[in-house]
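Predicted model, so just to flag it, every value in this text is computed and none were measured. Ligands are counted one by one from 1 in listed order, and the atoms in each one are counted from 1 as well.
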Amino acid sequence: MVIVMAAEGTQQDVDAIVELVAKAGGDAFVSRGVSRTIIGLVGDVEQFGSLNLKSMPGVAEVMRVSTPYKLVSRENHPERSTVRVGGVPIGPETVTLIAGPCAVETHDQTLAAARMAQAAGATLLRGGAYKPRTSPYAFQGLGEAGLRILADVREETGLPVVTEVVDAHDVELVASYADMLQVGTRNAQNFGLLQAVGSVGRPVMLKRGMSATIEEWLMAAEYIAQRGNLDIVLCERGIRTFETATRNTLDVSAVPVVQRLSHLPVIIDPSHSGGRRDLVLPLTRSAIAVGADGVIIDVHPRPEQALCDGPQALVDGDLDELAVIMRDFPPLLGRTAATTLTPVA
Ligand code: PEP
Ligand code: MN
(Lines give C-alpha, C1' and ligand atoms only; values in the text may rest on other atoms or scores of the structure.)
(Ligands and ions follow the chains in the order given, each with its own letter.)
Protein backbone atom coordinates (compact mmCIF):
# COMPACT_ATOMS: atom_id res chain seq x y z
CA MET A 1 0.00 0.00 0.00
CA VAL A 2 1.24 3.49 -0.82
CA ILE A 3 0.24 6.84 0.67
CA VAL A 4 0.75 9.94 -1.44
CA MET A 5 1.03 13.06 0.72
CA ALA A 6 -0.50 16.34 -0.39
CA ALA A 7 1.96 19.09 -1.30
CA GLU A 8 0.92 20.95 1.88
CA GLY A 9 1.38 17.86 4.09
CA THR A 10 3.73 18.57 6.99
CA GLN A 11 6.42 16.55 8.72
CA GLN A 12 4.04 16.18 11.66
CA ASP A 13 1.43 14.66 9.34
CA VAL A 14 4.03 12.18 8.08
CA ASP A 15 5.18 11.33 11.62
CA ALA A 16 1.58 10.70 12.70
CA ILE A 17 1.09 8.19 9.88
CA VAL A 18 4.35 6.41 10.57
CA GLU A 19 3.37 6.08 14.23
CA LEU A 20 -0.12 4.81 13.45
CA VAL A 21 1.21 2.21 11.03
CA ALA A 22 3.86 1.08 13.52
CA LYS A 23 1.16 0.64 16.18
CA ALA A 24 -0.74 -1.56 13.73
CA GLY A 25 2.36 -3.74 13.42
CA GLY A 26 3.46 -2.47 9.99
CA ASP A 27 6.42 -0.56 8.61
CA ALA A 28 6.16 2.78 6.85
CA PHE A 29 8.91 3.86 4.44
CA VAL A 30 8.96 7.55 3.73
CA SER A 31 10.18 8.70 0.35
CA ARG A 32 10.56 12.44 -0.24
CA GLY A 33 10.57 13.30 -3.92
CA VAL A 34 11.10 16.72 -5.45
CA SER A 35 7.38 17.43 -5.61
CA ARG A 36 5.80 15.08 -3.10
CA THR A 37 6.29 12.69 -0.24
CA ILE A 38 5.25 9.08 -0.64
CA ILE A 39 4.93 6.56 2.17
CA GLY A 40 5.13 2.86 1.36
CA LEU A 41 3.47 0.53 3.83
CA VAL A 42 4.62 -3.01 4.39
CA GLY A 43 2.61 -5.38 6.55
CA ASP A 44 -0.95 -6.60 6.77
CA VAL A 45 -2.84 -4.62 4.14
CA GLU A 46 -6.23 -5.64 5.57
CA GLN A 47 -5.28 -4.20 8.93
CA PHE A 48 -4.19 -0.91 7.35
CA GLY A 49 -7.62 -0.71 5.73
CA SER A 50 -9.20 -0.23 9.16
CA LEU A 51 -6.90 2.70 10.03
CA ASN A 52 -8.79 5.09 7.77
CA LEU A 53 -5.53 6.55 6.53
CA LYS A 54 -7.32 8.51 3.80
CA SER A 55 -8.77 10.84 6.43
CA MET A 56 -5.42 11.59 8.11
CA PRO A 57 -4.23 15.20 7.81
CA GLY A 58 -1.97 15.85 4.83
CA VAL A 59 -2.91 12.69 2.92
CA ALA A 60 -3.78 13.15 -0.76
CA GLU A 61 -4.28 9.54 -1.78
CA VAL A 62 -4.07 6.02 -0.46
CA MET A 63 -3.41 3.37 -3.08
CA ARG A 64 -3.05 -0.33 -3.17
CA VAL A 65 -0.25 -1.15 -5.57
CA SER A 66 -0.37 -4.66 -6.92
CA THR A 67 3.22 -4.79 -8.19
CA PRO A 68 6.05 -5.88 -5.85
CA TYR A 69 7.78 -2.54 -6.47
CA LYS A 70 5.61 0.27 -5.21
CA LEU A 71 7.30 3.65 -5.11
CA VAL A 72 8.70 3.29 -8.62
CA SER A 73 5.52 1.74 -10.01
CA ARG A 74 3.48 3.67 -12.53
CA GLU A 75 0.32 2.34 -10.92
CA ASN A 76 0.23 5.11 -8.32
CA HIS A 77 2.04 7.64 -10.48
CA PRO A 78 0.57 7.66 -13.99
CA GLU A 79 2.58 10.69 -15.07
CA ARG A 80 6.08 9.82 -16.21
CA SER A 81 8.72 11.54 -14.08
CA THR A 82 11.41 13.97 -15.06
CA VAL A 83 14.63 13.80 -13.04
CA ARG A 84 16.77 16.95 -12.98
CA VAL A 85 20.53 16.65 -12.76
CA GLY A 86 22.17 19.98 -12.02
CA GLY A 87 19.16 21.57 -13.75
CA VAL A 88 19.31 19.28 -16.82
CA PRO A 89 16.08 17.33 -17.38
CA ILE A 90 15.91 13.61 -18.08
CA GLY A 91 12.32 12.68 -18.81
CA PRO A 92 9.54 12.29 -21.35
CA GLU A 93 9.83 15.72 -22.98
CA THR A 94 13.47 15.50 -23.96
CA VAL A 95 16.20 13.20 -25.22
CA THR A 96 19.20 13.89 -23.00
CA LEU A 97 22.71 13.13 -24.18
CA ILE A 98 25.18 12.16 -21.48
CA ALA A 99 28.67 11.68 -22.88
CA GLY A 100 32.29 11.58 -21.84
CA PRO A 101 35.14 9.17 -21.32
CA CYS A 102 34.57 5.72 -19.88
CA ALA A 103 37.30 6.47 -17.35
CA VAL A 104 38.85 9.72 -16.16
CA GLU A 105 42.56 9.40 -17.00
CA THR A 106 43.96 12.93 -17.01
CA HIS A 107 42.58 16.45 -16.83
CA ASP A 108 43.40 17.11 -20.49
CA GLN A 109 41.81 13.87 -21.68
CA THR A 110 38.65 14.50 -19.67
CA LEU A 111 38.38 18.13 -20.81
CA ALA A 112 38.93 17.14 -24.45
CA ALA A 113 36.27 14.41 -24.18
CA ALA A 114 33.88 16.85 -22.49
CA ARG A 115 34.32 19.40 -25.28
CA MET A 116 33.68 16.68 -27.88
CA ALA A 117 30.60 15.61 -25.96
CA GLN A 118 29.31 19.14 -25.67
CA ALA A 119 29.79 19.81 -29.37
CA ALA A 120 27.62 16.77 -30.10
CA GLY A 121 24.84 18.10 -27.87
CA ALA A 122 25.66 16.57 -24.52
CA THR A 123 24.23 18.38 -21.54
CA LEU A 124 25.75 16.04 -18.93
CA LEU A 125 29.30 14.72 -18.62
CA ARG A 126 30.01 11.07 -17.80
CA GLY A 127 33.34 9.71 -16.57
CA GLY A 128 34.40 7.03 -14.13
CA ALA A 129 36.81 7.73 -11.28
CA TYR A 130 36.06 4.35 -9.69
CA LYS A 131 36.02 1.63 -12.34
CA PRO A 132 34.46 -1.79 -11.70
CA ARG A 133 36.87 -3.87 -13.79
CA THR A 134 36.57 -7.57 -14.49
CA SER A 135 40.32 -7.97 -13.93
CA PRO A 136 41.91 -6.78 -10.68
CA TYR A 137 45.04 -6.03 -12.77
CA ALA A 138 43.21 -3.57 -15.04
CA PHE A 139 43.10 0.20 -14.44
CA GLN A 140 40.82 0.73 -11.46
CA GLY A 141 40.30 4.48 -11.87
CA LEU A 142 41.94 7.51 -10.26
CA GLY A 143 39.63 7.57 -7.24
CA GLU A 144 39.29 10.95 -5.55
CA ALA A 145 41.87 12.53 -7.89
CA GLY A 146 39.51 11.59 -10.73
CA LEU A 147 36.58 13.17 -8.93
CA ARG A 148 38.57 16.39 -8.61
CA ILE A 149 39.26 16.35 -12.34
CA LEU A 150 35.55 15.90 -13.04
CA ALA A 151 34.71 18.84 -10.77
CA ASP A 152 37.31 21.01 -12.55
CA VAL A 153 35.98 20.03 -15.96
CA ARG A 154 32.44 20.80 -14.81
CA GLU A 155 33.72 24.24 -13.85
CA GLU A 156 35.34 24.69 -17.27
CA THR A 157 32.45 23.40 -19.40
CA GLY A 158 29.34 23.97 -17.30
CA LEU A 159 28.42 20.29 -17.71
CA PRO A 160 27.04 18.59 -14.57
CA VAL A 161 28.80 15.33 -13.77
CA VAL A 162 27.56 11.71 -13.71
CA THR A 163 30.01 9.27 -12.15
CA GLU A 164 29.97 5.74 -10.80
CA VAL A 165 30.25 4.69 -7.19
CA VAL A 166 31.22 1.06 -6.62
CA ASP A 167 31.47 0.85 -2.84
CA ALA A 168 28.98 1.94 -0.19
CA HIS A 169 31.85 3.43 1.82
CA ASP A 170 32.60 5.91 -0.97
CA VAL A 171 29.05 7.17 -1.50
CA GLU A 172 29.38 10.38 0.54
CA LEU A 173 32.73 11.22 -0.99
CA VAL A 174 31.52 10.66 -4.57
CA ALA A 175 28.30 12.57 -3.84
CA SER A 176 30.33 15.54 -2.60
CA TYR A 177 31.74 15.92 -6.15
CA ALA A 178 29.06 14.44 -8.44
CA ASP A 179 25.74 15.76 -9.66
CA MET A 180 24.46 12.23 -10.31
CA LEU A 181 25.65 8.89 -8.92
CA GLN A 182 25.86 5.92 -11.25
CA VAL A 183 25.37 2.36 -10.05
CA GLY A 184 26.82 -0.01 -12.61
CA THR A 185 25.62 -3.33 -13.92
CA ARG A 186 27.89 -5.33 -11.63
CA ASN A 187 26.48 -3.60 -8.54
CA ALA A 188 22.91 -3.43 -9.71
CA GLN A 189 21.78 -5.76 -6.92
CA ASN A 190 24.26 -4.64 -4.28
CA PHE A 191 21.50 -3.74 -1.89
CA GLY A 192 23.72 -2.00 0.68
CA LEU A 193 25.08 0.25 -2.05
CA LEU A 194 21.57 0.93 -3.37
CA GLN A 195 20.41 1.96 0.09
CA ALA A 196 23.46 4.15 0.56
CA VAL A 197 22.95 6.01 -2.73
CA GLY A 198 19.26 6.32 -1.84
CA SER A 199 20.16 8.18 1.34
CA VAL A 200 22.66 10.72 0.11
CA GLY A 201 20.44 13.24 -1.68
CA ARG A 202 21.75 13.00 -5.25
CA PRO A 203 19.98 11.71 -8.36
CA VAL A 204 20.96 8.14 -9.22
CA MET A 205 21.43 6.39 -12.55
CA LEU A 206 20.78 2.70 -12.04
CA LYS A 207 22.06 0.42 -14.74
CA ARG A 208 20.30 -2.86 -15.40
CA GLY A 209 22.13 -5.87 -14.02
CA MET A 210 23.55 -7.79 -16.96
CA SER A 211 21.48 -10.83 -16.00
CA ALA A 212 18.60 -9.03 -14.29
CA THR A 213 15.00 -9.38 -15.34
CA ILE A 214 13.04 -6.17 -15.64
CA GLU A 215 11.27 -6.96 -12.39
CA GLU A 216 14.59 -7.45 -10.59
CA TRP A 217 15.81 -4.16 -12.03
CA LEU A 218 12.73 -2.33 -10.78
CA MET A 219 13.04 -3.96 -7.36
CA ALA A 220 16.63 -2.67 -7.25
CA ALA A 221 15.29 0.82 -8.01
CA GLU A 222 12.75 0.34 -5.23
CA TYR A 223 15.67 -0.08 -2.77
CA ILE A 224 16.82 3.43 -3.70
CA ALA A 225 13.32 4.92 -3.65
CA GLN A 226 12.54 3.34 -0.34
CA ARG A 227 15.37 5.38 1.21
CA GLY A 228 13.56 8.56 0.22
CA ASN A 229 15.09 9.19 -3.18
CA LEU A 230 12.83 9.06 -6.22
CA ASP A 231 15.29 10.87 -8.46
CA ILE A 232 16.24 7.67 -10.26
CA VAL A 233 17.00 7.18 -13.94
CA LEU A 234 17.08 3.61 -15.22
CA CYS A 235 19.69 2.67 -17.82
CA GLU A 236 19.43 -0.32 -20.14
CA ARG A 237 23.01 -1.32 -21.05
CA GLY A 238 22.59 -4.71 -22.65
CA ILE A 239 22.08 -8.12 -21.14
CA ARG A 240 23.95 -11.40 -21.34
CA THR A 241 22.68 -13.73 -24.01
CA PHE A 242 24.17 -16.56 -26.07
CA GLU A 243 25.29 -14.04 -28.70
CA THR A 244 29.02 -13.35 -28.84
CA ALA A 245 29.21 -10.93 -31.79
CA THR A 246 28.35 -8.08 -29.44
CA ARG A 247 29.57 -7.58 -25.89
CA ASN A 248 25.99 -7.66 -24.62
CA THR A 249 22.61 -7.77 -26.31
CA LEU A 250 20.81 -4.43 -26.17
CA ASP A 251 17.26 -5.10 -25.01
CA VAL A 252 15.46 -2.26 -26.75
CA SER A 253 12.08 -3.67 -25.76
CA ALA A 254 13.02 -2.99 -22.14
CA VAL A 255 12.41 0.72 -22.75
CA PRO A 256 8.68 0.61 -23.58
CA VAL A 257 8.15 -2.28 -21.15
CA VAL A 258 9.70 -0.33 -18.26
CA GLN A 259 7.98 2.90 -19.24
CA ARG A 260 4.67 1.09 -18.94
CA LEU A 261 5.53 -0.38 -15.54
CA SER A 262 7.37 2.51 -13.94
CA HIS A 263 7.19 6.29 -13.96
CA LEU A 264 11.00 6.57 -13.87
CA PRO A 265 12.91 7.83 -16.93
CA VAL A 266 14.75 5.18 -18.94
CA ILE A 267 17.89 5.78 -20.97
CA ILE A 268 20.09 3.52 -23.09
CA ASP A 269 23.86 2.99 -23.06
CA PRO A 270 24.71 2.06 -26.66
CA SER A 271 28.44 1.99 -25.85
CA HIS A 272 28.52 -0.68 -23.17
CA SER A 273 25.77 -2.75 -24.80
CA GLY A 274 27.44 -3.25 -28.16
CA GLY A 275 31.01 -2.76 -26.94
CA ARG A 276 31.93 -1.70 -30.49
CA ARG A 277 32.33 1.81 -31.96
CA ASP A 278 30.61 0.86 -35.23
CA LEU A 279 27.44 -0.07 -33.36
CA VAL A 280 27.14 3.02 -31.16
CA LEU A 281 25.41 5.32 -33.66
CA PRO A 282 22.96 2.70 -35.01
CA LEU A 283 22.06 1.73 -31.43
CA THR A 284 21.67 5.41 -30.53
CA ARG A 285 19.16 5.80 -33.34
CA SER A 286 17.31 2.73 -32.11
CA ALA A 287 17.32 4.11 -28.56
CA ILE A 288 15.68 7.36 -29.60
CA ALA A 289 13.25 5.57 -31.92
CA VAL A 290 12.09 3.21 -29.17
CA GLY A 291 11.38 6.14 -26.88
CA ALA A 292 14.37 6.25 -24.55
CA ASP A 293 14.59 9.42 -22.48
CA GLY A 294 18.29 9.75 -23.20
CA VAL A 295 21.52 8.01 -24.09
CA ILE A 296 24.86 7.74 -22.32
CA ILE A 297 27.82 7.44 -24.69
CA ASP A 298 31.57 6.94 -24.33
CA VAL A 299 33.78 9.44 -26.18
CA HIS A 300 37.57 9.72 -26.08
CA PRO A 301 40.03 12.03 -27.84
CA ARG A 302 42.49 9.13 -28.44
CA PRO A 303 40.60 5.85 -28.08
CA GLU A 304 43.64 3.78 -29.09
CA GLN A 305 45.34 5.01 -25.89
CA ALA A 306 42.28 4.71 -23.62
CA LEU A 307 42.84 2.86 -20.35
CA CYS A 308 39.32 1.47 -20.48
CA ASP A 309 36.86 0.57 -23.27
CA GLY A 310 38.69 2.38 -26.10
CA PRO A 311 37.16 0.15 -28.84
CA GLN A 312 33.68 1.48 -28.10
CA ALA A 313 34.55 5.18 -27.70
CA LEU A 314 33.36 7.64 -30.35
CA VAL A 315 36.04 9.90 -31.83
CA ASP A 316 36.48 12.64 -34.47
CA GLY A 317 33.85 12.45 -37.23
CA ASP A 318 31.64 10.11 -35.18
CA LEU A 319 30.78 13.10 -33.05
CA ASP A 320 29.53 15.12 -36.03
CA GLU A 321 27.22 12.25 -36.91
CA LEU A 322 26.06 11.99 -33.30
CA ALA A 323 25.31 15.73 -33.30
CA VAL A 324 23.10 15.29 -36.36
CA ILE A 325 21.24 12.40 -34.71
CA MET A 326 20.72 14.40 -31.52
CA ARG A 327 19.42 17.34 -33.53
CA ASP A 328 17.19 15.50 -36.00
CA PHE A 329 15.82 12.41 -34.27
CA PRO A 330 14.15 13.68 -31.08
CA PRO A 331 11.72 16.03 -32.91
CA LEU A 332 10.51 13.06 -34.95
CA LEU A 333 9.32 11.57 -31.66
CA GLY A 334 7.78 14.84 -30.46
CA ARG A 335 10.65 15.56 -28.11
CA THR A 336 12.95 18.49 -27.66
CA ALA A 337 16.37 18.03 -29.23
CA ALA A 338 18.92 18.03 -26.46
CA THR A 339 21.12 20.47 -28.34
CA THR A 340 18.60 23.27 -27.93
CA LEU A 341 18.95 22.88 -24.18
CA THR A 342 22.75 22.91 -24.07
CA PRO A 343 23.91 25.47 -21.52
CA VAL A 344 27.20 26.04 -23.40
CA ALA A 345 29.73 27.59 -21.05
C1 PEP B 1 30.30 2.42 -17.28
O2 PEP B 1 29.32 3.04 -17.68
O3 PEP B 1 31.42 2.94 -17.18
C4 PEP B 1 30.17 0.99 -16.95
C5 PEP B 1 31.13 0.33 -16.29
O6 PEP B 1 29.03 0.46 -17.39
P7 PEP B 1 28.31 -0.95 -17.04
O8 PEP B 1 28.12 -0.93 -15.55
O9 PEP B 1 27.04 -0.86 -17.80
O10 PEP B 1 29.23 -2.03 -17.52
MN1 MN C 1 33.26 1.32 -19.68
Side-chain angles (χ1 to χ4, degrees), residues 85 90 96-105 109-110 113-114 117 122 124-136 138-143 146-147 149-150 161-167 170 174 178-190 193-194 197 203-212 216-217 220-221 224 232-241 246-252 254-255 258 266-277 279-280 283-284 287 292 294-300 302-315:
V85 182
I90 306 177
T96 303
L97 172 59
I98 307 168
C102 176
V104 174
E105 299 163 10
Q109 166 256 4
T110 305
L124 295 170
L125 171 66
R126 66 147 289 147
Y130 295 85
K131 296 305 302 175
R133 304 305 298 278
T134 302
S135 165
F139 176 58
Q140 303 286 309
L142 297 179
L147 297 175
I149 290 173
L150 286 167
V161 163
V162 182
T163 195
E164 181 162 355
V165 55
V166 299
D167 188 318
D170 295 328
V174 178
D179 298 282
M180 178 180 233
L181 301 176
Q182 177 174 327
V183 175
T185 193
R186 293 160 187 80
N187 269 313
Q189 284 186 303
N190 179 337
L193 179 64
L194 296 173
V197 297
V204 177
M205 184 208 298
L206 174 64
K207 291 216 169 176
R208 179 180 182 178
M210 63 182 89
S211 303
E216 286 165 341
W217 186 16
I224 300 169
I232 306 165
V233 172
L234 300 166
C235 178
E236 160 63 42
R237 49 78 69 206
I239 51 176
R240 279 247 162 121
T241 67
T246 51
R247 187 178 188 183
N248 297 281
T249 299
L250 178 61
D251 181 8
V252 283
V255 173
V258 168
V266 190
I267 66 168
I268 274 183
D269 182 338
S271 305
H272 287 83
S273 45
R276 285 169 37 179
R277 180 173 308 120
L279 297 180
V280 173
L283 295 182
T284 300
V295 284
I296 177 166
I297 293 180
D298 285 8
V299 308
H300 198 290
R302 286 170 303 280
E304 66 291 348
Q305 291 169 22
L307 297 178
C308 185
D309 285 347
Q312 71 196 30
L314 296 189
V315 66

Exercise for review: Could you list the atoms of ligand 1 found under 4.0 angstrom from a heavy atom of R186?
Suggested key: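 Answer for ligand 1: 8 (O), 10 (O).
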Practice item. Under 4.0 Å from a heavy atom of G184: give me the atoms of ligand 1 that qualify, with their elements. Key: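 Close to G184: 8 (O).
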Review point. What's the verdict on side-chain contact (heavy atoms from CB on, under 4.5 Å) for C102 and R126, showing C-alpha distance, side-chain angles and the deciding distance?
Key: CA-CA 7 Å; C102 176; R126 66 147 289 147; 4.1 Å; yes
If only atom types and distance count, is the side chain of [X] paired as donor or acceptor with the main-chain N or O of [Y] below 3.5 Å?
{"X": "T185", "Y": "K207", "result": "no"}
{"X": "K131", "Y": "E164", "result": "no"}
{"X": "R240", "Y": "N248", "result": "no"}

**Study point:** Contacts of type side chain to side chain donor-acceptor pair (under 3.5 Å), residue R208, not counting sequence neighbours
**Key:**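 Side chain to side chain donor-acceptor pair (under 3.5 Å) check on R208 returns E236, D251.
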Review point. Does M210 approach ligand 1 within less than 4.0 angstrom via side chain, backbone, both or neither, non-hydrogen atoms only?
Key: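 Contact part for M210 vs ligand 1: neither.
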Which protein non-hydrogen atom lies closest to [atom], naming both residue and atom, and how far is it?
{"atom": "atom 5 (C) of ligand 1", "result": "E164 OE1, 3.7 Å"}
{"atom": "atom 4 (C) of ligand 1", "result": "H272 NE2, 3.4 Å"}
{"atom": "atom 8 (O) of ligand 1", "result": "T185 N, 2.8 Å"}
{"atom": "atom 10 (O) of ligand 1", "result": "R237 NH2, 2.8 Å"}
{"atom": "atom 6 (O) of ligand 1", "result": "K207 NZ, 3.0 Å"}

Practice item. Can you spot which of L234, V197, N187 makes a side chain to side chain contact (heavy atoms under 4.5 Å, CB included) with L206? Key: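 Among L234, V197, N187, the one that satisfies the side chain to side chain contact (heavy atoms under 4.5 Å, CB included) with L206 is L234.
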Check your understanding: Looking at I224, V174, L193, D170, which one forms a side chain to side chain contact (heavy atoms under 4.5 Å, CB included) with L181?
Key ->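 With L181 as partner, side chain to side chain contact (heavy atoms under 4.5 Å, CB included) holds for just one option, V174.
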Practice item. Could you tell me if any non-hydrogen atom of Q182 lies under 4.0 Å from any atom of ligand 1? Key: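 It does; at least one heavy atom falls under 4.0 Å.
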**Study point:** Atoms of type N/O/S from protein, distance to the Mn ion (ligand 2) below 2.8 Å
**Key:**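 My tally for this metal is 3.
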Review point. Which value, rounded to the nearest 0.5 Å, describes the distance between Q182 atom CD and I98 atom CD1?
Key: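 These two atoms lie 8.5 Å from each other.
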Practice item. Report the C-alpha separation of R277 and D298 in whole Å, then their side-chain angles, then the decisive distance to 0.1 Å, and conclude whether the salt bridge (Lys or Arg N to Asp or Glu O under 4.0 Å) test is met. Key: CA-CA 9 Å; R277 180 173 308 120; D298 285 8; over 6 Å; no
Exercise for review: Would you mind telling me which of Q312, Q305, E105 makes a side chain to side chain donor-acceptor pair (under 3.5 Å) with H300?
Suggested key: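 Among Q312, Q305, E105, the one meeting side chain to side chain donor-acceptor pair (under 3.5 Å) with H300 is E105.
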